[in-house]
J.: 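Dropping the structure in here first, questions after.
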Amino acid sequence: MNPTSRRRFIRYGIVSAVVAALGVVSAYSLTGRHESSPSAPRLPPGQYESSTLQVLHVGGVPAINTADWVFEVYGEVKNPLKMNWDQFLKLPKTTDVSDFHCVTGWTKLDNRWEGVRFEEIVKLAHLTAKAKFATIECYGEPFYTTSLPLEGLLRDDVLFAYGLNGEPLAPHHGGPLRLVVPEKYAYKSAKWVRRVKFTERQELGFWESGGYSNTADPWTDDRYG
Ligand SMILES: Nc1nc2c(c(=O)[nH]1)N[C@H]1C(S)=C(S)[C@@H](COP(=O)(O)O)O[C@H]1N2
Ligand SMILES: [Mo]
C-alpha cells in the first residue's frame, strides 16, 4: 500500500467506525425502553428493582364489598355508565404483563394484570368532542384522584385490573378494581376505582396537586411538578 492509499484506508476506517457507533446509539434510542427488545433497558433512570410490589397508599384500605360496588363513568360522555360487579366482569377481558414504577424509586418488573382495557370503557361511554382527559376517583379516605390525557389512557397496556399474577386483586393492591398505567409513575395507577370523569381540561390529582409531576414520565425522571 502506498502512503496515500494507506491514509485513505485509515480515514475510511475511522469514518466507518464513527458511522457504526452512531448507528448503535440511534438504534438504542429508537427501540424505546418499553418495547420488548432484548437490548432495551428495563429500569428507568433513578429506579431500583424491587422483588415485590410495595404496598403504598394514603389512608387505610377501604372495605369494599363487591355486592355494593359500583363503577360510574360521567362527565364529557354521551352515554354515562353505572355498572355493578357482575356487569363489569362481563366486559371483554384482557391480560397484560408490564412493569410498575413508583416515584419513590422502586420498580417491580413483569406484573401480569388481568382486567378490562381503558379503551373498552371509552367505546361504551361514547365521549363528547370535548373529552380530552379523564379523572379517576377512588373509594376510600382521603379522597384520592388522579388524571391523565386520553391518548395515554388508550394504550393497550392501560387496564382496569381485577387480577394480578393469576389471583384476584387483593384489597391492599387496590382490589376489587384498580387502574394500571405502566408508562407513568404509579401514583397514576389509582387503586379502588369508583368513578371515571371525562373532562375538557385536566384536573389535578391528589399527588399532582401536592408537587408531584402531572406528566409523571419515568423515562425522563419526571418526578416533580
Ligand atoms: N387510591 C389510591 N391509589 C393509589 C395510591 C393511593 O394512595 N390511593 N397510591 C399510589 C402509589 S404512589 C403507588 S406506588 C401505587 C402502589 O400500588 P401497590 O400498593 O399495589 O404496590 O398505588 C397508587 N395508587
Ligand atoms: Mo408511588
Side-chain angles (χ1 to χ4, degrees), residues 42-66 68-73 88 95-116 118 121 133-148 152-153 155 157-197 202-225:
R42 299 288 300 276
L43 286 179
Q47 295 293 108
Y48 66 90
E49 188 177 347
S50 169
S51 58
T52 57
L53 282 177
Q54 299 178 23
V55 176
L56 200 58
H57 51 259
V58 287
V61 174
I64 305 168
N65 187 334
T66 50
D68 314 319
W69 181 92
V70 282
F71 172 81
E72 289 175 84
V73 180
F88 197 91
T95 295
D96 186 74
V97 177
S98 59
D99 302 339
F100 197 82
H101 314 293
C102 172
V103 72
T104 62
W106 57 268
T107 286
K108 171 65 179 78
L109 302 173
D110 294 326
N111 310 288
R112 177 176 292 272
W113 300 104
E114 184 181 46
V116 175
F118 190 92
I121 300 303
F133 301 91
T135 303
I136 315 299
E137 304 176 336
C138 304
Y139 285 94
E141 296 288 335
F143 184 44
Y144 191 90
T145 66
T146 191
S147 69
L148 287 139
L153 290 165
R155 292 175 52 102
D157 59 359
V158 177
L159 263 58
F160 288 108
Y162 46 65
L164 172 60
N165 302 324
E167 304 284 340
L169 185 62
H172 58 276
H173 284 307
L177 190 76
R178 82 176 303 165
L179 183 69
V180 177
V181 188
E183 284 302 306
K184 299 291 179 184
Y185 284 123
Y187 53 88
K188 298 286 184 181
S189 292
K191 308 206 245 191
W192 314 300
V193 170
R194 178 181 197 154
R195 284 190 292 256
V196 180
K197 186 204 309 184
Q202 188 167 22
E203 300 183 330
L204 272 191
F206 184 89
W207 286 119
E208 295 89 332
S209 52
Y212 283 94
S213 168
N214 196 23
T215 39
D217 175 14
W219 300 101
T220 57
D221 209 356
D222 170 26
R223 294 170 202 264
Y224 307 105

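Atom set for the values below is all heavy atoms of this structure, side chains included, hydrogens, waters and symmetry mates excluded. Keep in mind the model is a prediction, meaning the values are calculated, not measured. Counting convention: from 1, in listed order, for ligands and their atoms alike.
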J.: Pull out every atom of ligand 1 sitting under 4.0 Å from any heavy atom of Gln54, numbered as shown with elements.
T.: 18 (P), 19 (O), 21 (O)
J.: Find out whether Glu203 and Phe133 are in side-chain contact, i.e. whether some heavy atom of one side chain is under 4.5 Å from a heavy atom of the other.
T.: no
J.: Could you work out, for atom 3 (N) of ligand 1, the closest of His57, Arg178, Lys191 by heavy-atom distance?
T.: Lys191
J.: Would you say Tyr187 and Leu56 make side-chain contact, with heavy atoms under 4.5 Å?
T.: no
J.: Does some side-chain heavy atom of Leu164 sit less than 4.5 Å from a side-chain heavy atom of Trp113?
T.: yes
J.: Less than 6.0 Å separating the ring centroids of Trp207 and Tyr185?
T.: no
J.: If you count the atoms of ligand 1 from 1 in the order shown, which ones are under 4.0 Å from a heavy atom of Cys102?
T.: 14 (S)
J.: Using the salt bridge (charged side-chain N to carboxylate O under 4.0 Å, His left out) rule, take Glu208 and Lys188 through it: C-alpha gap first, then chi angles, then the decisive distance, then the call.
T.: CA-CA 9 Å; Glu208 295 89 332; Lys188 298 286 184 181; 2.8 Å; yes
J.: Taking distance alone, with no angle check, do Trp192 and ligand 1 share an N/O pair under 3.5 Å?
T.: no
J.: Any idea which atoms of ligand 1 are less than 4.0 Å away from a heavy-atom of Trp106?
T.: 14 (S), 21 (O)
J.: Would you mind running through ligand 1 and noting each atom that sits below 4.0 Å from a heavy atom of Cys138?
T.: 1 (N)
J.: Around atom 23 (C) of ligand 1, find the nearest protein heavy atom and jot down its residue, atom name and distance.
T.: Ala186 O, 3.2 Å
J.: So, the side chain of Lys191 versus the backbone of Tyr139: is there a donor-acceptor pair under 3.5 Å, distance only?
T.: no
J.: Could you tell me the residue and atom name of the protein heavy atom closest to atom 7 (O) of ligand 1, and the distance to it rounded to 0.1 Å?
T.: Val58 N, 2.8 Å
J.: Do Thr215 and Asp222 have side-chain atoms, one donor and one acceptor, less than 3.5 Å apart?
T.: yes
J.: Name the closest protein heavy atom to atom 16 (C) of ligand 1, giving the residue it belongs to and the distance to 0.1 Å.
T.: Leu56 O, 3.5 Å
J.: Can you sort out which atoms of ligand 1 are near Val55, meaning under 4.0 Å from one of its heavy atoms?
T.: 19 (O)
J.: Show the atoms of ligand 1 that are less than 4.0 angstrom away from any heavy atom in Tyr187.
T.: 10 (C), 11 (C), 12 (S)
J.: Would you say the side chain of Leu169 lies within less than 4.5 Å of the side chain of Leu177, judging by non-hydrogen atoms?
T.: no
J.: Return a yes/no value for Ala190: is any of its N or O atoms, backbone included, closer than 3.5 angstrom to an N or O of ligand 1?
T.: no
J.: Measuring from non-hydrogen atoms of Phe100 to any atom of ligand 1, is the shortest distance under 4.0 Å?
T.: yes
J.: If you define the side chain from C-beta out and look only at heavy atoms, does anything of Thr146 sit under 4.5 Å from Thr135?
T.: no
J.: Would you mind running through ligand 1 and noting each atom that sits below 4.0 Å from a heavy atom of Ser189?
T.: 22 (O), 23 (C), 24 (N)
